[in-house]
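Along the sequence shown, residues are numbered consecutively beginning with 1.
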Amino acid sequence: QVQLVESGGGLVQAGGSLRLSCAASGRGFSRACMGWFRQAPGKEREFVAAIHWNTVSSIYADSVKDRFTISRDNTENTVYLQMNSLKPEDTAVYYCAAELGRWPIRESKEYDYWGQGTQVTVSS
């Protein structure tokens, strides 16, 4: 079992930056594929980024590539999402997710564990 708690969301102007954190507890983080997803009002949840438990391999959605960076600290059981050059269309609730022992995973239905989400609002 893995429990996830996101933090770091907020209101930022277009072009600004935010860093989201996801703190994990329970067993399995060290071998979990960790993903970030987002969901805007009236839209489906979409994949943003994911990182392998080796802390090196990562994948991104085309819409955030070169602007967002996912990273993790296995000693702190935490995964991060550094978001730069934010745009109004990045506004959404951002969710952290975990899936043990499998890689790579872009589909939300493949993740077993989810956080409660953190709101990111980008003003124009």
Side-chain angles (χ1 to χ4, degrees):
Q1 296 286 338
V2 178
Q3 295 80 44
L4 304 171
V5 178
E6 302 97 333
S7 62
L11 173 64
V12 64
Q13 289 189 331
S17 298
L18 280 176
R19 188 175 83 154
L20 305 183
S21 299
C22 173
S25 59
R27 301 181 64 179
F29 180 82
S30 62
R31 284 192 58 82
C33 166
M34 298 300 298
W36 284 99
F37 288 77
R38 65 187 182 186
Q39 188 166 18
K43 295 189 176 181
E44 292 187 355
R45 192 169 297 190
E46 66 172 353
F47 172 77
V48 175
I51 187 165
H52 193 284
W53 52 90
N54 65 16
T55 77
V56 176
S57 304
S58 58
I59 53 175
Y60 294 90
D62 288 343
S63 58
V64 306
K65 211 168 186 179
D66 299 327
R67 298 189 298 123
F68 291 9
T69 303
I70 189 171
S71 61
R72 66 190 290 167
D73 184 339
N74 286 348
T75 65
E76 296 290 336
N77 282 9
T78 303
V79 63
Y80 304 97
L81 186 68
Q82 177 67 42
M83 305 186 294
N84 298 329
S85 302
L86 282 161
K87 305 174 181 180
E89 51 264 43
D90 294 318
T91 296
V93 177
Y94 282 70
Y95 297 91
C96 176
E99 173 62 17
L100 304 185
R102 295 171 59 211
W103 172 263
I105 308 173
R106 294 177 178 265
E107 296 292 329
S108 60
K109 63 183 179 182
E110 300 295 327
Y111 285 83
D112 283 337
Y113 305 101
W114 290 86
Q116 82 290 347
T118 185
Q119 176 71 46
V120 171
T121 303
V122 184
S123 63
S124 57

Checklist entry - Are the side chain of Q82 and the backbone of F68 linked by a donor-acceptor contact shorter than 3.5 Å? => result no

Item to check | Nearest heavy-atom neighbours spanning A92 and A40 | outcome: CB-N, 3.8 Å

Item to check | ILVMFWY network linking L81 to I59, side-chain heavy atoms under 4.5 angstrom | outcome: no

Checklist outcome for this item: So OG of S124 and NZ of K87: to nearest 0.5 Å the spacing works out to 14.0 Å

Next on the checklist: If you count every heavy atom of other residues, nucleotides or ligands that lies below 6.0 Å from R27 atom CZ, does the total exceed 12?
Outcome noted: no

Next on the checklist: Using side-chain heavy atoms (C-beta onward) and a distance below 4.5 Å, is V120 in contact with M83?
Outcome noted: yes

Checklist entry - Under 3.5 Å, is there a donor-acceptor pair between the side chain of Q39 and the main chain of E44? => result no

Checklist entry - Hey, would you say the F47 and Y60 ring centroids sit under 6.0 Å apart? => result no

Checklist entry - So, is the end of the R38 side chain (NZ or CZ) under 6.0 Å from the ring centre of Y95 and within 45° of the ring's axis? => result no

Next on the checklist: Can you tell me how far apart OG (S25) and CD (Q3) are? Round to the nearest 0.5 Å.
Outcome noted: 4.0 Å

Next on the checklist: Taking the side chain as everything from C-beta on, heavy atoms only, tell me whether L20 gets closer than 4.5 Å to E6.
Outcome noted: no

Checklist outcome for this item: Here the gap from S57 atom OG to I51 atom CD1, rounded to the nearest 0.5 Å, amounts to 8.0 Å

Next on the checklist: Can a donor-acceptor pair be found, under 3.5 Å and without considering hydrogens, that links the side chain of Y113 to the backbone of L100?
Outcome noted: no

Item to check | Step-by-step side chain to side chain contact (heavy atoms under 4.5 Å, CB included) determination, T118 to V93 | outcome: CA-CA 5 Å; T118 185; V93 177; 6.0 Å; no

Item to check | Which atom of R67 lies closest to which atom of L86, heavy atoms considered | outcome: NH1-CA, 3.9 Å

Next on the checklist: Within the 4.5 Å heavy-atom criterion, are C22 and Y80 side-chain neighbours or not?
Outcome noted: no

Checklist entry - Are the side chain of T91 and the backbone N or O of V122 linked by a donor-acceptor pair below 3.5 Å? => result yes

Item to check | Whether N74 side chain and N77 backbone form a donor-acceptor pair below 3.5 Å | outcome: no

Checklist entry - Would a 4.5 Å heavy-atom cut-off, applied to side chains only, mark L4 and M34 as touching? => result yes

Next on the checklist: With a sphere of 6.0 Å drawn around CD of Q13, does it hold more than 12 non-hydrogen atoms of other residues, nucleotides or ligands?
Outcome noted: no

Next on the checklist: To the nearest 0.5 Å, what is the distance between NZ on K43 and CD on E89?
Outcome noted: 8.5 Å

Checklist outcome for this item: OG1 (T121) and CG (D90) are apart, to the nearest 0.5 Å, by 11.0 Å

Checklist entry - Have N84 and S17 got a donor and an acceptor in their side chains that come within less than 3.5 Å? => result yes

Item to check | Residue pair Y111 / C33: nearest heavy atoms and the distance that separates them | outcome: OH-SG, 3.4 Å

Item to check | T78 side-chain N/O to E76 backbone N/O, donor-acceptor pair under 3.5 Å | outcome: yes

Checklist entry - Looking at V48 and Y94, what are the two nearest heavy atoms and their distance? => result CG2-CE2, 4.3 Å

Next on the checklist: Is the terminal nitrogen or CZ of R45 (NZ for Lys, CZ for Arg) located under 6.0 angstrom from the six-membered ring centre of W114 and within 45° of that ring's axis?
Outcome noted: yes

Checklist entry - Which atom pair, heavy atoms only, marks the closest approach of W36 to I70? => result CD1-CD1, 3.5 Å

Next on the checklist: Within the structure provided, determine whether S58 and H52 are in side-chain contact (heavy-atom separation under 4.5 Å).
Outcome noted: no

Checklist outcome for this item: On a heavy-atom basis, the closest approach of F29 and A24 is CD1-CB, 3.4 Å

